[in-house]
K.L.:
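Pasting a structure below so you can have a look.
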Amino acid sequence: MGWYLLNSYLNIIFLTSFCFSTLVISNGQQYFNEEKNYEGSSELVNLEYHMGPVLTSTINLYTIWYGHWNPTHQAIIRDFLLSLSSSSNSPFPSVSDWWRTARLYTDQTGANITGNIVLSGEFYDWSYSHGTSLTRLSIQSIIRTAVTANNNNARARARALPLNSNNGLYLILTSYNVQVQDFCRAVCGFHYFTFPSVVGATVPYAWVGYSGTQCPGLCAFPFAMPKYSGSTPGTANANLMEAPNGDVGADGMISVIAHELAEVSSNPLVNAWYAGDDPTAPTEIADLCVGFYGSGGGGGFPGKVYKDSWGKGYNVNGIKGRRFLVQWIWNPVLRRCFGPNAMD
């Protein structure tokens with residue numbers, strides 16, 4: 001849907017085992033090898049275009065860091081965002097290669113989603129301007145604070161974000177100690193658009209929370225186990241993938257961020273690309289592929305992904321030698337879930 005849903009995912013996870021082994025491929029790279037459950041094409045998925053806009057112009061991405069953030073975690077997330085653009089020049093399969101699937105979606109003029117994503121500004125709301133217990137609507141108020149920060153103070157205005165209603169996209173990231181409505185119960189993230197009465201204009205936005213301390217087993221799988229699995233969430237387990245950048249919470253956020261960015265770009269006003277008849281509860285291009293990270297994925301198995309010499313799982317490369325594990329999204333040409341690490 002417009003948010004990263006847990007319910008259907010958990011129904012699958014809780015009923016399956018988490019047995020990973022390694023397989024050495026002829027090119028020398030190792031893979032986590034899961035039971036095969038092929039993510040083949042399907043004519044049953046009725047993904048349709050509803051004539052609304054998609055983000056075809058260069059995306060000016062504005063990040064709002066809400067709460068107290070570990071700089072190491074920020075660096076992981078920032079490097080992922082900087083890896084999205086087609087100009088990032090990371091080795092194949094790269095984050096920008098993953099984004100190429102999102103770029104297959106077009107608007108009614110035939111224009112594709114952009115491949116140019118620019119990290120255009122960051123705002124640090126370390127004072128918890130709206131508290132530590134937020135509703136969904138509070139997220140829009142946080143954006144308002146970021147674009148109107150202390151209008152009577154010239155120095156503060158210099159750090160405030162612009163209200164960019166032309167090609168701005170706002171990403172709100174809440175820290176470990178912030179409670180958000182439905183977080184860790186029904187959602188790990190969501191996207192929508194702002195109300196002019198709250199923010200001053202209609203702009204698309206996405207929110208993702210840091211799950212490392214609140215619900216790593218739900219929002220940072222496969223780096224942590226759900227508490228119902230019999231293992232302690234967030235603890236070392238021989239059957240788990242190691243987080244590629246060393247932090248379960250931050251690495252888990254990466255895939256949720258990717259999920260929401262793909263969906264907000266292809267359905268920014270909730271009237272473009274989605275499946276289902278109810279626009280208030282759409283099934284979007286990433287919802288169709290939750291849990292798929294590699295070939296053979298599904299049924300609680302992430303699929304075949306790379307494994308580095310320290311046993312850390314990943315499926316795409318980023319800038320500065322970073323590696324990330326990012327869920328696949330629906331490919332409208334192949335009519336199946338797909339990522340650049342696919343083995344076919």
Side-chain angles (χ1 to χ4, degrees), residues 3-4 60-84 95 117-136 138-150 155-156 158-162 168-184 187-191 205-221 223-224 233-234 243-261 264 318-326:
W3 45 85
Y4 191 99
N60 284 302
L61 184 62
Y62 303 100
T63 305
I64 300 173
W65 303 96
Y66 189 85
H68 291 167
W69 277 89
N70 182 320
T72 300
H73 301 166
Q74 289 178 303
I76 294 169
I77 294 169
R78 189 178 294 113
D79 286 347
F80 172 75
L81 297 175
L82 290 170
S83 299
L84 282 164
V95 175
I117 303 171
V118 180
L119 188 55
S120 299
E122 297 181 88
F123 183 83
Y124 302 89
D125 194 336
W126 51 72
S127 66
Y128 302 91
S129 62
H130 295 272
T132 58
S133 182
L134 306 174
T135 65
R136 289 175 180 262
S138 298
I139 302 301
Q140 297 196 30
S141 297
I142 290 171
I143 298 174
R144 182 190 63 211
T145 296
V147 300
T148 62
N150 294 330
R155 292 184 62 188
R159 67 179 179 86
L161 297 177
L169 172 58
Y170 296 80
L171 177 63
I172 302 87
L173 305 173
T174 50
S175 62
Y176 71 97
N177 56 346
V178 177
Q179 304 280 340
V180 178
Q181 180 183 356
D182 294 327
F183 184 37
C184 294
V187 302
C188 300
F190 63 80
H191 76 86
Y205 71 92
W207 160 80
V208 179
Y210 180 84
S211 63
T213 54
Q214 295 189 47
C215 55
L218 301 184
C219 294
F221 175 83
F223 305 129
N245 297 286
D247 184 79
V248 168
D251 277 303
M253 284 184 75
I254 294 300
S255 191
V256 185
I257 290 171
H259 177 118
E260 297 303 335
L261 290 180
V264 74
I319 65 169
K320 302 178 183 178
R322 293 278 195 191
R323 291 166 170 172
F324 304 102
L325 186 72
V326 179

K.L.:
Within the 4.5 Å heavy-atom criterion, are Gln74 and Leu173 side-chain neighbours or not?
P.N.:
no

K.L.:
Keeping Asn245 on the side-chain end and Asp251 on the backbone end, is there a donor-acceptor pair under 3.5 Å?
P.N.:
no

K.L.:
Looking at Trp65 and Glu122, what are the two nearest heavy atoms and their distance?
P.N.:
NE1-OE1, 2.8 Å

K.L.:
Does any non-hydrogen side-chain atom of Val187 lie less than 4.5 Å from one of Val180?
P.N.:
no

K.L.:
Under the side-chain contact (heavy atoms from CB on, under 4.5 Å) rule, what do Val95 and Val326 come out as? Steps first, then yes or no, please.
P.N.:
CA-CA 8 Å; Val95 175; Val326 179; 5.5 Å; no

K.L.:
Is it true that a side-chain atom of Gln179 and a backbone atom of Thr132 form a donor plus acceptor pair closer than 3.5 Å?
P.N.:
no

K.L.:
Are any side-chain N or O atoms of Thr135 and backbone N or O atoms of Ser138, one a donor and one an acceptor, separated by less than 3.5 Å?
P.N.:
yes

K.L.:
Provide the closest heavy-atom pair for Ser129 versus Asp125 in the form atom of the first, atom of the second, distance.
P.N.:
OG-OD2, 2.6 Å

K.L.:
Provide the closest heavy-atom pair for Thr174 versus Trp69 in the form atom of the first, atom of the second, distance.
P.N.:
O-CZ2, 3.3 Å

K.L.:
Which value, rounded to the nearest 0.5 Å, describes the distance between Tyr170 atom OH and Ser120 atom OG?
P.N.:
9.5 Å

K.L.:
Return the CH2 to CD1 distance between Trp207 and Ile64, rounded to the nearest 0.5 Å.
P.N.:
14.0 Å

K.L.:
Between Thr63 and Leu171, is there a donor-acceptor pair closer than 3.5 Å when you use the side chain of the first and the backbone of the second?
P.N.:
no

K.L.:
To the closest 0.5 Å, what do you measure between CD1 (Ile254) and CZ (Arg323)?
P.N.:
15.5 Å

K.L.:
Within this structure, what is the NZ-CZ distance for the pair Lys320 and Arg78, rounded to the nearest 0.5 Å?
P.N.:
8.0 Å

K.L.:
Tell me which one of Asn177, Asn70, Asp247 satisfies side-chain hydrogen bond (donor to acceptor under 3.5 Å, both in side chains) with Tyr210.
P.N.:
Asp247

K.L.:
Please report the closest heavy-atom contact between Ile139 and Tyr205, naming both atoms and the distance.
P.N.:
CG2-CE1, 3.7 Å

K.L.:
Heavy-atom distance under 4.5 Å between the side chains of Leu261 and Leu81, does that happen here?
P.N.:
yes

K.L.:
Is the Tyr128-His68 ring centre distance short of 6.0 angstrom?
P.N.:
yes

K.L.:
Return the minimal non-hydrogen interatomic distance between Ala206 and Glu260, and the atom names on each side.
P.N.:
CB-CB, 4.0 Å

K.L.:
Just jot down the ring pair (Phe, Tyr, Trp, His ring centres under 6.0 Å) partners of Phe324, sequence neighbours excluded, or say none.
P.N.:
Phe80

K.L.:
Taking Cys219 and Cys188, which are both Cys, do their SG atoms fall under 2.5 Å of each other?
P.N.:
yes

K.L.:
Flag the pair Tyr66 / Leu134 as yes when at least one side-chain heavy-atom distance between them is below 4.5 Å, and no otherwise.
P.N.:
yes

K.L.:
Could you pull out the closest heavy-atom pair between Phe123 and Thr145, with the gap in Å?
P.N.:
CZ-O, 4.3 Å

K.L.:
Please round to the nearest 0.5 Å and tell me the distance separating atom CG of Leu161 and atom OG1 of Thr148.
P.N.:
10.5 Å

